[in-house]
Amino acid sequence: MNYWIFKSEPDTFSIDDLKNRPGQTEPWNGVRNYQARNFLRDDVKEGDLILFHHSSCKVPGIAGIAIVSKEAYPDHTAFDESSDYFDLKSKKDSPTWFMVDVKFVEKFKEVITLKEIKENPKFNDLILTRKGNRLSIMPISEKEFNELKKLRS
DNA sequence: GCCAACGTTGGC
DNA sequence: GCCAACGTTGGC
């Protein structure tokens, strides 16, 4: 079992959006970065736990927890010309991009702010806190996951 | 295969 | 809105 941080812009898709979905489940589509794609396709497994991170917003940070409810399958938004995520290069018989389904687990009463995470030396090794980091799917260790979770729940 | 130019991300 | 950092593109 693995642990992850998934980043999303809350204006596009937030932890509240996930919570309010029917079945509290949603495909994690639109990943268009190869490194993130590789994690999604190869390493993100059903039952893995996810810290849901809000980026590009007023208070960037971890807003809650989700769980992987379905493993990688082709991201069909890449085939849809009307989608923002359309990619001419991704073919139905050999898709470039993949997605997983995620299910809501918990929303923290208060976001674990990026600032707070950066100030804590325990989290110096997180990809999330690296300068210039732009990866939207990041692995973290079980220990890091539990220590982050412990800050709120 | 190099690398400059460009577009995007994302914290501040 | 700024801009540093990064990934991608495309000419050579």
A.B. asks: Classify A:H54 by what it touches in the nucleic acid, base, sugar-phosphate, or nothing, heavy-atom distance under 4.0 Å.
C.D. replies: nothing

A.B. asks: In this structure, how many angstroms lie between the P atom of B:dT8 and the CG atom of A:L135, rounded?
C.D. replies: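 Taking CG of A:L135 and P of B:dT8, I get 18 Å after rounding.
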
A.B. asks: Starting from C1' on B:dC12, measure out to CD1 on A:I117 and report it in whole angstrom.
C.D. replies: 16 Å

A.B. asks: Round to a whole Å and report the spacing from CG of A:D84 to P of B:dT9.
C.D. replies: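 It is 11 Å, rounded to the nearest whole Å.
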
A.B. asks: If every non-hydrogen atom of A:I15 is compared with every non-hydrogen atom of A:I65, which pair is closest and at what distance?
C.D. replies: CD1-N, 3.9 Å

A.B. asks: I want to verify a distance call: between C:dG7, B:dG11, B:dG10, whose nearest atom is closest to the A:N33 side chain?
C.D. replies: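 Between C:dG7, B:dG11, B:dG10, the one nearest the side chain of A:N33 would be C:dG7.
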
A.B. asks: Tell me the interatomic distance from A:L114, atom CG, to B:dT9, atom C1', rounded to whole angstroms.
C.D. replies: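 Atom-to-atom, A:L114 to B:dT9, this comes out as 14 Å.
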
A.B. asks: Closer than 4.0 Å, any side-chain N/O of A:K118 to the OP1 or OP2 of B:dC12?
C.D. replies: yes

A.B. asks: Is there a side-chain contact between A:K7 and the phosphate of B:dG10, meaning an N or O under 4.0 Å from OP1 or OP2?
C.D. replies: yes

A.B. asks: Just how far, in rounded Å, is P of C:dT8 from CZ of A:R37?
C.D. replies: 10 Å

A.B. asks: So which heavy atom on A:P95 is nearest to which on A:F79, and how close?
C.D. replies: CB-CZ, 4.1 Å

A.B. asks: A:W97 and side-chain hydrogen bond (donor to acceptor under 3.5 Å, both in side chains): which single residue from A:N29, A:T77, A:D87 fits?
C.D. replies: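 Option passing the side-chain hydrogen bond (donor to acceptor under 3.5 Å, both in side chains) with A:W97: A:D87.
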
A.B. asks: Kindly indicate, with the supporting measurements, whether the criterion ring-ring contact (aromatic ring centres under 6.0 Å, His included) is fulfilled by A:F39 and A:W4.
C.D. replies: CA-CA 10 Å; A:F39 284 133; A:W4 306 92; 5.6 Å; yes

A.B. asks: Counting side-chain heavy atoms from C-beta on, which of B:dG11, B:dG10, C:dA4 comes nearest to A:K131?
C.D. replies: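 The answer is C:dA4.
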
A.B. asks: In whole angstroms, how far is the P atom of B:dT9 from the NE2 atom of A:H53?
C.D. replies: 16 Å

A.B. asks: Considering only B:dG11, C:dT8, C:dT9, which nucleotide approaches the side chain of A:P60 most closely?
C.D. replies: B:dG11

A.B. asks: What is the distance from CG of A:N133 to P of C:dG7, rounded to the nearest Å?
C.D. replies: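 After rounding, the gap between these two atoms is 9 Å.
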
A.B. asks: How many whole angstroms separate atom CD of A:E9 from atom C1' of B:dT9?
C.D. replies: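 Value for this atom pair: 8 Å.
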
A.B. asks: Would you please test A:R32 and A:D75 for salt bridge (charged side-chain N to carboxylate O under 4.0 Å, His left out) and show each step?
C.D. replies: CA-CA 10 Å; A:R32 294 293 179 271; A:D75 182 345; 3.0 Å; yes

